[in-house]
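Take a look at the structure set out below.
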Amino acid sequence: MILEEIKTSLTMWFSYALIPCLFVDGVAVLPAPQNLSMQSTNMKHVLTWSPVIVPEEIIHYSVEYQGEYESLYTSHIWIPSSWCSPTQRPECDITEDITATVSYSLRVRATLGSLTSAWSTLKHRFNQNSTILTPPGMEITMDGFHLLIKLEDLGPHFEFFVFYWRREPGAKEHVKVLRPGVLPVYLETVEPGAAYCVKARTFVKAIGRHSAFSQTECVKVQGEALPLALALLAFVGFVLILVVALLSVWKMGRLLQHSCCPVVMLPDTLKITNSPQKLISCRKEEVEACVTSGLSSEELLKAWI
């Protein structure tokens, strides 16, 4: 019983304490949001404020912004945020509203039914150049003898400069410029038994700034390097296979040539060993001799007549 009386007394005291905040000169007034601040990390901009508290009531908030052009030439024009006007949360992600690298003014007010508070304005104008760029998160993996990297997706504004090298004295450092994605990205084919190191940093072209480097991560490739003799044997085997392949192609070409255009051998009786003129002369003498020896005198006389 005593506890219930104490609870009732505290409730009544708290309610009366709120009355001066809700009524001024007999007119209901809703307090304006306080402690506005901007949190901007990796080009994600969030405006926060202290919530307006009214027991058993839901407060809505409206956020508006004004760019540099509007503040100079049309100062009476404020643009409602496309993502949180209204919103019930005491914060507003205005990343999509900040589209240019200029200074912005921001303000917020509370609404409860027909009651509307005064506007509270961010003390300092905001420029996305002031965003904090953090080192990117990355994951280094191996797929066989392929070195892969998966980068944190920070949004469309970001490019990643990835530096990788073989961990040995005097090793050359390689650089690749990558875009974030869901799948790992191939960096290099590595050698068995060797260790490789990777580090990365982001670059935002819109503001012309780099982040700091991530922590260097190193991985060692499983397996041992091939002995020199084995490497030479593999090279000789490759050369032999290449020679056999070339000979097979040449032989196949010869077979196809003989199949399509075979060479016909002439009998010796049809071969011409002397010049055509000499052959004709010889044949003419043989024919005349044959005719002379085969005909009688009478036959010659008849032939003459």
Side-chain angles (χ1 to χ4, degrees), residues 39-46 93 95-96 98-99 101 128-253:
Q39 308 294 329
S40 179
T41 304
N42 292 329
M43 299 296 286
K44 184 177 181 180
H45 321 304
V46 179
D93 186 346
T95 303
E96 299 298 329
I98 306 299
T99 57
T101 310
Q128 64 181 357
N129 280 338
S130 61
T131 190
I132 299 173
L133 299 179
T134 61
M138 64 180 187
E139 180 182 355
I140 308 301
T141 58
M142 297 293 303
D143 183 10
F145 293 113
H146 295 161
L147 182 64
L148 307 177
I149 183 173
K150 185 177 180 180
L151 295 162
E152 177 185 8
D153 189 358
L154 296 176
H157 297 288
F158 286 81
E159 291 181 338
F160 295 85
F161 284 73
V162 179
F163 297 76
Y164 59 96
W165 63 95
R166 182 170 176 169
R167 191 172 62 184
E168 61 182 6
K172 182 181 178 182
E173 192 175 68
H174 304 278
V175 183
K176 277 192 175 182
V177 181
L178 304 176
R179 302 287 296 180
V182 178
L183 300 177
V185 180
Y186 166 81
L187 289 180
E188 185 174 321
T189 300
V190 297
E191 297 181 10
Y196 292 81
C197 297
V198 183
K199 64 180 180 180
R201 67 177 180 177
T202 62
F203 175 72
V204 181
K205 187 176 181 180
I207 61 177
R209 288 176 51 203
H210 287 93
S211 72
F213 278 107
S214 63
Q215 291 186 352
T216 301
E217 294 188 22
C218 298
V219 293
K220 186 173 182 179
V221 185
Q222 299 297 324
E224 299 181 355
L226 293 175
L228 180 61
L230 185 59
L232 291 175
L233 182 62
F235 176 74
V236 172
F238 172 75
V239 172
L240 289 177
I241 293 174
L242 183 62
V243 170
V244 170
L246 292 175
L247 288 176
S248 300
V249 172
W250 177 80
K251 187 66 176 177
M252 184 63 67

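Side-chain atoms are counted along with the backbone in the values below, which use heavy atoms only and exclude waters and symmetry mates.
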Legend entry - Modelled atom types, side-chain donor and acceptor of Glu159 and Thr202, under 3.5 Å: no

Inset, instruction - Please step through side-chain contact (heavy atoms from CB on, under 4.5 Å) for the pair Val219 and Met142, ending with a clear verdict. - result: CA-CA 8 Å; Val219 293; Met142 297 293 303; 4.2 Å; yes

Legend entry - CD1-OG1 distance between Ile149 and Thr141, expressed to the nearest 0.5 angstrom: 9.0 Å

Legend entry - Sidechain-backbone polar pair: Thr95 side chain, His45 backbone, donor-acceptor under 3.5 Å: yes

Inset, instruction - Keeping the roles fixed (side chain from Arg201, backbone from Phe163), state whether a donor-acceptor pair exists under 3.5 Å. - result: no

Inset, instruction - For atom NZ of Lys44, decide whether the heavy atoms of other residues, nucleotides or ligands shown that lie under 6.0 angstrom number more than 12. - result: no

Legend entry - Rounded distance [0.5 Å steps], CD1 in Ile132 versus CZ in Arg209: 8.5 Å

Inset, instruction - Using a strict 4.0 Å threshold on nitrogen-to-oxygen distance, state whether Arg166 and Glu188 make a salt bridge. - result: no

Inset, instruction - Go through the structure and list residues passing side-chain contact (heavy atoms from CB on, under 4.5 Å) with Asn42, not counting sequence neighbours. - result: Leu133, Thr134, Leu154, Phe158

Legend entry - More than 12 heavy atoms of other groups within 6.0 Å of Arg179 CZ: yes

Legend entry - Aromatic ring pairing His210/Phe203, orientation class (parallel under 30°, perpendicular over 60°, tilted between): tilted

Inset, instruction - State whether the number of non-hydrogen atoms from other residues, nucleotides or ligands found under 6.0 Å of Glu173 atom CD is greater than 12. - result: yes

Legend entry - Expected output: side-chain Tyr196 to main-chain Glu191 donor-acceptor under 3.5 Å: yes

Legend entry - Close side-chain approach of Leu151 to Val185, heavy-atom, < 4.5 Å: no

Inset, instruction - Would you please name every residue forming a ring pair (Phe, Tyr, Trp, His ring centres under 6.0 Å) with His174, sequence neighbours left out? - result: Tyr164

Inset, instruction - Sorted by first residue and then second, give each disulfide bond (SG atoms under 2.5 Å apart) pair with at least one member in residues 137-189; sequence neighbours left out. - result: none

Inset, instruction - Output yes when a side-chain donor or acceptor of Lys150 lies under 3.5 Å from a complementary backbone atom of Ile140, and no otherwise. - result: no

Inset, instruction - Measure the spacing between SG of Cys197 and NZ of Lys220 and express it to the nearest 0.5 Å. - result: 12.0 Å

Legend entry - Donor-acceptor contact present, side-chain Thr189 to main-chain His146, <3.5 Å: no

Inset, instruction - Would you mind reporting whether Glu217 and Met138 have side-chain heavy atoms less than 4.5 Å apart? - result: yes

